[in-house]
Peer 1: 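After the structure tokens below, expect a handful of questions from me.
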Protein chains: 2
Amino acid sequence: MASIKDVAAEAGVSVATVSRVLNEHPSVSADARARVLAAVEVLGYRPNAVARSLRTDQTHTLGLVISDVMNPYFTELARSVEEEARALGYSVIIGNADERPDLQDHHVRNLLDRRIDGLLVSPTDGGSPLMLDAARAGTPMVFVDRWIPGVDVPVVRADGQSAIRDLVAHLHALGHRRLAIIAGPAATTTGRERVEVFRTALAAHGLELPDAYTGQGDFQAESGRRVTEGFLDLAEPPEVVFAADNLMALGALDAIRARGLRVPCDIALAAFDDIRWFVHTDPPITAIAQPTGELGRAAVRALIDRIEGRTPRSVTLPARLVVRRSCGEDPAENPVTNRSTS
Amino acid sequence: MASIKDVAAEAGVSVATVSRVLNEHPSVSADARARVLAAVEVLGYRPNAVARSLRTDQTHTLGLVISDVMNPYFTELARSVEEEARALGYSVIIGNADERPDLQDHHVRNLLDRRIDGLLVSPTDGGSPLMLDAARAGTPMVFVDRWIPGVDVPVVRADGQSAIRDLVAHLHALGHRRLAIIAGPAATTTGRERVEVFRTALAAHGLELPDAYTGQGDFQAESGRRVTEGFLDLAEPPEVVFAADNLMALGALDAIRARGLRVPCDIALAAFDDIRWFVHTDPPITAIAQPTGELGRAAVRALIDRIEGRTPRSVTLPARLVVRRSCGEDPAENPVTNRSTS
DNA sequence: GCAGTCGATGTAATCGATTCCACGAGGAGG
DNA sequence: CCTCCTCGTGGAATCGATTACATCGACTGC
């Protein structure tokens with residue numbers, strides 16, 4: 001593969017001049033520029049990004065370490081992150097942590113070794129020393145969706161508080177009183193927070209959230225299935241199961257179906273995270289939709305602000321309730337009803 | 001960030017010795033090795049992968065250019081590719097082409113500039129000159145899922161022929177005679193091939209595939225919706241719609257639902273690509289399942305064989321029919337029935 | 001007409017690693 | 001006791017770019 005030296009030789013100039021042409025440095029004669037450009041064309045020359053990065057100490061690359069790519073929510077997040085980054089002249093390397101702290105560390109280390117310009121993380125656990133060190137050492141970093149408390153890193157996330165309150169009001173209006181939740185891992189902020197907000201919202205209606213109605217999941221489908229089976233085995237099973245993410249809702253659906261029960265007559269179901277398929281499940285699933293694309297874009301902008309020396313801000317965007325039929329038959333009574341497709 | 005020089009100074013040896021220790025070169029004294037390791041520990045030194053790549057001309061990185069990350073099939077493919085690559089000591093950079101040739105070229109160029117060791121591509125179109133040049137120039141390359149005919153690059157893909165024949169037999173046995181297909185882009189091998197195999201399978205039952213029953217889609221949900229609307233507007237609409245991928249099936253479902261029609265009573269639906277949600281749609285959707293994970297792993301192995309000087313082989317794995325309820329009510333009659341969840 | 005400025009260009013240092021080559025010490029063999 | 005290897009080590013070249021500095025010619029202004 002042709003190097004800058006070959007181009008210089010072909011054009012009959014020095015490598016410095018070639019570099020100047022390539023970097024649009026002003027003081028290059030029209031003649032030299034033309035000869036260099038012609039040589040570049042002839043040789044099919046492309047600058048070696050590795051060499052360039054070594055010299056300039058910038059890779060124009062962002063790292064994105066995501067909890068689980070197979071989760072449609074994170075897939076969409078990754079997509080919007082890549083789009084915005086590309087628009088701003090950066091590439092993205094995605095690392096899939098699969099909800100495993102060791103894998104998360106593997107990817108963080110790998111990305112750091114590659115000298116990425118900045119790191120976007122949705123942490124799997126409460127505080128890997130590696131990540132904390134990186135943050136302290138000054139690696140530009142932004143948390144997205146989830147975060148680690150007590151670290152001075154901007155956070156871009158959705159606020160589900162009012163949407164969860166709307167959901168509980170909706171469920172209460174439909175006559176449900178025994179509400180259960182499949183929680184995410186306690187090590188994650190979203191795992192903890194959604195339970196707490198749910199509990200508080202229940203309290204506002206005079207309802208409790210007994211321990212038996214709080215199942216511990218891990219944001220994966222299998223845990224949703226397991227927890228739901230536990231709920232169904234109770235002497236007094238809940239009337240509603242609220243899954244803290246879409247994959248656990250899928251698992252819950254599996255478990256309910258395996259028992260031959262029907263949603264919502266036998267048991268109601270709602271989920272955090274809205275995805276396209278929820279419109280077509282049997283029945284369509286009531287869910288809390290996050291502004292996923294906007295979160296991804298905001299996170300990238302914050303990170304690049306930080307990289308380029310501006311001061312990044314944390315961003316919190318509201319999630320909203322999308323009522324469908326999985327919690328009861330007459331959503332029309334509810335003012336926040338939204339049965340649209342997308 | 002500490003460099004190899006700092007480590008050398010701290011350990012009281014030369015950079016050559018540090019490098020030897022790091023690369024497990026045999027001729028280093030136990031004493032020197034211990035001092036270097038201690039210095040590495042003290043300084044928290046990590047080798048700069050950029051510098052290393054420049055010198056060794058290897059990045060231990062594979063590029064994966066995928067047609068559409070939001071498509072669950074490709075998400076799963078990407079995941080298995082990353083897993084296998086990681087197991088073999090490589091990282092993966094994913095580029096999402098979004099079914100757009102210009103974006104595909106952008107990513108290929110970007111990956112080539114970064115001097116990735118090899119490229120895995122599921123081409124969006126029939127032959128970007130950039131990619132053909134790269135292949136000719138000797139860039140290790142493997143096609144996965146889709147390929148470009150006439151290029152000397154190994155292909156790893158699923159063969160849907162027998163599964164599509166099984167599907168047509170299933171549909172025929174259920175009494176369906178007017179079968180339509182939502183095709184993928186003619187520029188892709190999978191787009192063309194699935195239609196041809198479908199047509200041939202119909203012929204074996206004495207059925208034709210009229211032009212009116214061949215809709216042109218682009219593997220995205222919206223096109224599935226549009227084509228299906230066209231089918232439903234026909235004086236004699238088809239009895240079955242077969243979508244050539246899962247997203248177009250989703251669009252078809254949207255269109256059918258918008259008309260207030262029911263599957264399978266009013267119209268039957270089947271899809272190429274099986275995904276978890278198909279179990280829970282209303283009704284569960286009959287689909288052709290590809291061995292996605294195995295494809296991803298085989299593709300990585302072929303590519304790394306090529307990179308490391310061995311001779312890679314093309315791989316074709318069979319897809320299989322998974323019968324559910326979207327084509328008619330009594331799948332039990334069919335020997336290939338499979339109603340399992342996963 | 002000469003000093004000073006500016007524009008175009010080249011030379012060489014540099015980034016952080018790997019690796020070839022040279023060198024000295026020490027042991028084996030004659 | 002001398003020669004020849006082997007082993008451990010360091011010096012320095014190298015990968016392909018960027019960029020500070022030096023140089024040189026031409027032009028400007030006094």
Side-chain angles (χ1 to χ4, degrees), chain A residues 1-40 43-61 109-117 137, chain B residues 1-40 43-61 89 91 109-117 137:
Chain A
M1 183 146 268
S3 84
I4 196 171
K5 273 190 205 149
D6 304 318
V7 176
E10 172 81 19
V13 297
S14 74
V15 293
T17 301
V18 176
S19 179
R20 288 194 189 95
V21 171
L22 265 28
N23 293 286
E24 282 159 4
H25 185 98
S27 70
V28 179
S29 68
D31 176 54
R33 158 168 287 112
R35 293 220 309 286
V36 167
L37 259 20
V40 165
L43 298 173
Y45 169 75
R46 296 244 80 211
N48 183 327
V50 174
R52 192 193 290 243
S53 292
L54 176 61
R55 183 61 235 253
T56 62
D57 203 30
Q58 323 180 19
T59 49
H60 272 270
T61 303
R109 196 169 353 246
N110 182 10
L111 292 166
L112 257 23
D113 285 355
R114 296 175 120 73
R115 300 302 193 266
I116 45 136
D117 293 342
Chain B
M1 184 145 269
S3 83
I4 196 171
K5 273 189 205 148
D6 303 318
V7 176
E10 172 81 19
V13 297
S14 72
V15 294
T17 300
V18 176
S19 178
R20 288 193 190 96
V21 171
L22 265 28
N23 294 284
E24 283 159 4
H25 185 99
S27 71
V28 180
S29 69
D31 176 53
R33 157 169 286 112
R35 294 221 308 286
V36 168
L37 260 19
V40 164
L43 298 172
Y45 169 75
R46 297 245 79 212
N48 183 326
V50 174
R52 192 195 291 245
S53 293
L54 176 61
R55 183 59 234 251
T56 60
D57 203 30
Q58 315 181 25
T59 49
H60 272 272
T61 303
S91 306
R109 196 168 353 247
N110 183 10
L111 292 166
L112 256 23
D113 285 355
R114 285 166 188 277
R115 301 303 192 266
I116 45 136
D117 292 342

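Order of the sequence lines fixes the chain letters, A, B, ..., with proteins taken first and strands second; residue numbering starts at 1 for each chain. As the structure is a computational prediction, the values presented were derived from the model and not from experiment.
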Peer 1: Mind calculating the distance between NZ (A:K5) and C1' (C:dG10) to the nearest angstrom?
Peer 2: 15 Å

Peer 1: Would you indicate what B:N23 reaches in the nucleic acid, counting non-hydrogen atoms under 4.0 angstrom: base, sugar-phosphate, or nothing?
Peer 2: sugar-phosphate

Peer 1: Looking at every strand, decide which applies to A:S19 at a 4.0 Å heavy-atom threshold: base, sugar-phosphate, or nothing.
Peer 2: base

Peer 1: Mapping B:S27 and A:V18 onto DNA chain D by nearest heavy atom, which one lands closer to the 5' end?
Peer 2: B:S27

Peer 1: Go nucleotide by nucleotide along DNA chain D from the 5' end; which of B:A51 and B:G12 gets its closest nucleotide reached first?
Peer 2: B:G12

Peer 1: Are the side chains of A:R46 and B:L112 in contact, using a 4.5 Å heavy-atom criterion?
Peer 2: no

Peer 1: Using a cut-off of 4.0 Å on non-hydrogen atoms, how would the nucleic acid contact of A:A32 be classed: base, sugar-phosphate, or nothing?
Peer 2: sugar-phosphate

Peer 1: Given C:dA17, C:dG10, C:dC20, identify the nucleotide with an atom nearest to the side chain of B:R55.
Peer 2: C:dA17

Peer 1: Could you tell me the separation between the CD1 atom of A:I4 and the P atom of C:dG10, rounded to a whole number of Å?
Peer 2: 12 Å

Peer 1: Could you check whether B:N110 and B:R114, counting side-chain N and O atoms only, form a donor-acceptor pair closer than 3.5 Å?
Peer 2: yes

Peer 1: Whole angstroms only, please: what is the CG-P distance between A:D31 and C:dT9?
Peer 2: 7 Å

Peer 1: Search all heavy atoms of B:I116 against all heavy atoms of B:T59 and return the closest pair with its distance.
Peer 2: CA-OG1, 3.4 Å

Peer 1: Counting the atoms with a prime plus P, OP1 and OP2 as sugar-phosphate, which does B:S29 contact under 4.0 Å by heavy atoms, base, sugar-phosphate, or nothing?
Peer 2: sugar-phosphate

Peer 1: Distance under 4.0 Å to a non-hydrogen atom of chain B counts as contact; along DNA chain D, which nucleotides mark the start and end?
Peer 2: D:dG8 to D:dG16

Peer 1: Can you give the donor-acceptor pairs under 3.5 Å from side chains of residues 12-20 of chain A to other protein atoms, not counting sequence neighbours?
Peer 2:
unit_1	atom_1	unit_2	atom_2	d
A:S14	OG	A:A16	N	3.3
A:S14	OG	A:T17	N	3.4
A:S19	OG	A:N23	ND2	3.3

Peer 1: For B:R109, is there an ion pair with B:D113 - N to carboxylate O distance below 4.0 angstrom?
Peer 2: no

Peer 1: Heavy atoms only: give me the nearest A:L54-B:N48 pair and the separation to one decimal.
Peer 2: CD1-ND2, 4.5 Å

Peer 1: Which part of the nucleic acid, if any, lies within reach of A:V13 when heavy atoms closer than 4.0 Å are counted: base, sugar-phosphate only, or nothing?
Peer 2: sugar-phosphate

Peer 1: Using whole Å, what does the distance between atom P of nucleotide C:dT14 and atom CG of B:L54 come to?
Peer 2: 17 Å

Peer 1: Please evaluate residues B:V40 and B:L22 with respect to the criterion side chain to side chain contact (heavy atoms under 4.5 Å, CB included), reporting the C-alpha separation (whole Å), side-chain torsions for both, the decisive distance (0.1 Å), and the verdict.
Peer 2: CA-CA 10 Å; B:V40 164; B:L22 265 28; 4.3 Å; yes

